[in-house]
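Heads up: the structure comes next, in structure tokens.
Treat the numbers as computed from the prediction; the structure is a model and nothing was measured. In what follows, chains carry the letters A, B, and so on, assigned in the order in which the sequence lines appear, proteins first and then strands, with residues in each chain numbered from 1.
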There are 4 protein chains.
Amino acid sequence: MARGINKVILVGNLGDDPEVKYTQSGMAVTTLRLATTSVRKDRDGNTQERTEWHRVKLFGKLGEIAGEYLKKGRQVYIEGSIRYDKFTGQDGQDRYITEIIADEMQMLGGGGERSERAAGGERGYGSSQRGGGAQPGRAPQQKAPVEEGFPDDDIPF
Amino acid sequence: MARGINKVILVGNLGDDPEVKYTQSGMAVTTLRLATTSVRKDRDGNTQERTEWHRVKLFGKLGEIAGEYLKKGRQVYIEGSIRYDKFTGQDGQDRYITEIIADEMQMLGGGGERSERAAGGERGYGSSQRGGGAQPGRAPQQKAPVEEGFPDDDIPF
Amino acid sequence: MARGINKVILVGNLGDDPEVKYTQSGMAVTTLRLATTSVRKDRDGNTQERTEWHRVKLFGKLGEIAGEYLKKGRQVYIEGSIRYDKFTGQDGQDRYITEIIADEMQMLGGGGERSERAAGGERGYGSSQRGGGAQPGRAPQQKAPVEEGFPDDDIPF
Amino acid sequence: MARGINKVILVGNLGDDPEVKYTQSGMAVTTLRLATTSVRKDRDGNTQERTEWHRVKLFGKLGEIAGEYLKKGRQVYIEGSIRYDKFTGQDGQDRYITEIIADEMQMLGGGGERSERAAGGERGYGSSQRGGGAQPGRAPQQKAPVEEGFPDDDIPF
DNA sequence: TTTT
DNA sequence: TTTT
């Protein structure tokens with residue numbers, strides 16, 4: 001359920017390698033810095049460029065895949081939502097941060113060799129998923145297919 | 001996993017009440033006819049209108065909610081993907097049909113009283129979900145929260 | 001031209017009446033506060049809600065229409081892009097602000113009576129446009145139709 | 001103005017070189033065949049693939065750029081709307097066709113060498129625009145910057 | 001600060 | 001066939 005739509009679609013390039021951390025429960029939390037540039041001409045015909053640097057967070061399996069396959073410079077498609085956070089800095093001042101919480105990720109432009117940090121893995125390239133998470137103590141191969149997000153094999157495909 | 005993005009976002013009004021059918025396994029398959037109109041001015045300054053009539057399909061729980069709460073005239077937000085189908089008509093001729101397969105639905109503009117056909121129900125208004133399906137023989141209330149699409153309670157929310 | 005895609009789609013409700021200002025050149029700059037709420041269940045089955053408050057900016061004619069027709073509580077569709085701005089506060093500290101720059105707006109759910117502040121106007125209800133601006137000293141009715149964003153009357157419509 | 005939203009976002013690969021035609025007034029009309037593939041696992045754990053072939057139309061300058069820079073196999077981002085058309089075939093039977101009318105295009109994944117058919121040109125790579133058209137008898141360099149879709153140089157960029 |  |  002939701003009251004409202006909060007949707008972000010980005011296509012950009014990574015400014016740096018992904019940063020992967022893990023929660024206490026073992027869930028991956030990966031952060032990307034993603035650049036999107038727009039260009040316009042001003043009144044004098046001069047070209048102006050402006051780049052936005054997005055902070056993108058990916059959780060669980062999606063975060064693991066991002067950490068394994070993405071690296072600096074790589075072009076990527078991200079779909080997610082905007083989250084505005086407020087926290088108090090060490091100086092007692094309020095700080096604000098805006099993040100894009102990804103629920104879909106897709107590497108663009110071929111390539112797709114693995115990053116240095118990538119361990120040997122069984123997963124397919126370019127995979128994306130919604131939710132799913134690390135779920136400690138529950139092996140992925142025990143997952144019933146229906147949990148993959150397909151309501152029913154009866155759905156025409 | 002996917003190779004490519006196929007995403008549709010519609011905001012429109014229903015031309016008719018939803019049509020709900022069920023598969024043999026008991027999954028709801030609901031069809032909507034949704035109008036989106038665009039307007040432009042031609043060279044002579046005359047206003048031209050053009051309406052597209054989209055055929056939207058919703059499966060499983062999402063289809064049930066659509067059948068219960070939507071009705072003719074209602075404004076709705078749909079997110080999904082395009083599917084092109086080919087089949088052979090009774091005259092042996094090839095027929096083509098284009099459908100929008102919804103994976104998100106949201107009623108707009110308040111109102112939201114239930115349709116005539118709606119049985120007494122426990123579900124919240126305006127709910128949307130991805131996949132999930134009817135899953136006969138498995139009561140919704142037995143579902144673990146993690147299956148609702150949230151990877152981990154550790155994710156800041 | 002652009003290098004990358006930076007796209008935001010919002011459906012939400014206004015937390016307050018629009019705030020309209022004008023640049024020295026007479027262009028409207030309208031700010032909206034837009035709420036989108038998402039809901040999930042935590043591990044214990046309790047419902048959690050989280051609301052994001054978006055700061056949306058609309059320029060030119062689009063800003064004027066927003067100022068005339070929108071008001072507190074109204075549901076609206078916004079399409080635009082994210083812009084991150086940094087400025088220095090009066091205390092010399094860096095401040096950050098995130099805004100959604102709208103290039104499409106559409107009022108939802110009927111209603112659409114004009115706000116108190118709305119002057120008598122000739123424009124249609126629910127209009128949306130991209131760019132276009134106030135362009136002081138240039139009457140809108142002198143605009144050639146082709147500038148409305150339609151490349152050619154030859155395009156089938 | 002519009003009553004409703006009809007938006008399509010595609011990321012896919014061209015199944016063939018673009019097909020470029022011109023209207024009598026000299027406007028380019030380019031057609032692309034674009035593949036998007038989705039993958040799911042069925043109940044038995046077998047991987048199923050399904051590919052949709054989209055028919056994308058680009059008009060005016062956007063069509064010219066597509067014709068010059070795109071070719072078979074190239075990955076591309078398309079944003080546009082769905083249009084359903086009905087016409088009568090030579091056998092007197094009704095025929096239906098669904099097209100995506102592009103208003104934004106962006107080449108993905110670097111590369112971007114020009115197609116064989118590309119004439120020498122002055123335009124930047126990866127450009128995208130909305131409307132604008134060929135406008136015979138009107139040199140592009142005579143265009144006022146404001147027509148490029150930016151309402152006012154006063155808008156912070 | 002909105003909305004259901 | 002919807003809607004404003």
- Would you mind reading off the distance between W53(C) atom CH2 and dT3(E) atom P, rounded to a whole angstrom? 8 Å
- Closest listed nucleotide, where the reference is the side chain of K72(C) and the choices are dT1(F), dT2(E), dT2(F): dT2(E)
- Message: Taking the minimum atom-to-atom distance to the side chain of R3(A), which one of dT4(E), dT2(E), dT2(F) wins?
- Response: dT4(E)
- Message: Between C1' on dT2(E) and CD on E49(C), what's the gap in Å once rounded to a whole number?
- Response: 12 Å
- Task: Mark yes or no for whether D91(C), through its side chain, and Q93(C), through its backbone, hold a donor-acceptor pair below 3.5 Å.
- Result: yes
- Message: Rounded to whole Å, please give me the gap between CD in Q75(B) and P in dT4(F).
- Response: 8 Å
- For K57(C), side-chain hydrogen bond (donor to acceptor under 3.5 Å, both in side chains) partners two or more places apart: E99(C)
- Item | Integer-rounded Å distance: dT3(E) C1' and D17(C) CG | 15 Å
- Query: What is the nucleic acid contact for T36(B), judged by heavy atoms within less than 4.0 Å: base, sugar-phosphate only, or nothing?
  - Reply: nothing
- Message: Taking side-chain contact (heavy atoms from CB on, under 4.5 Å) as the definition, give me every residue that meets it alongside K21(C), ordered by chain and number, with sequence neighbours left out.
- Response: E19(C)
- Query: The side chain of R33(B) lies closest to which of these nucleotides: dT1(E), dT2(F), dT1(F)?
  - Reply: dT1(F)
- Could you check how far CG of N13(C) sits from C1' of dT1(E), rounded to whole Å? 11 Å
- Query: Atom CG of L108(C) and atom P of dT4(F): how far apart are they, to the nearest Å?
  - Reply: 12 Å
- Salt bridge flag under 4.0 Å for residues R40(C) and E49(C): no
- Task: Please report, rounded to the nearest Å, how far the C1' atom of dT2(F) is from the CG atom of L70(B).
- Result: 13 Å
- Message: In this structure, how many angstroms lie between the P atom of dT3(E) and the CG atom of L14(C), rounded?
- Response: 10 Å
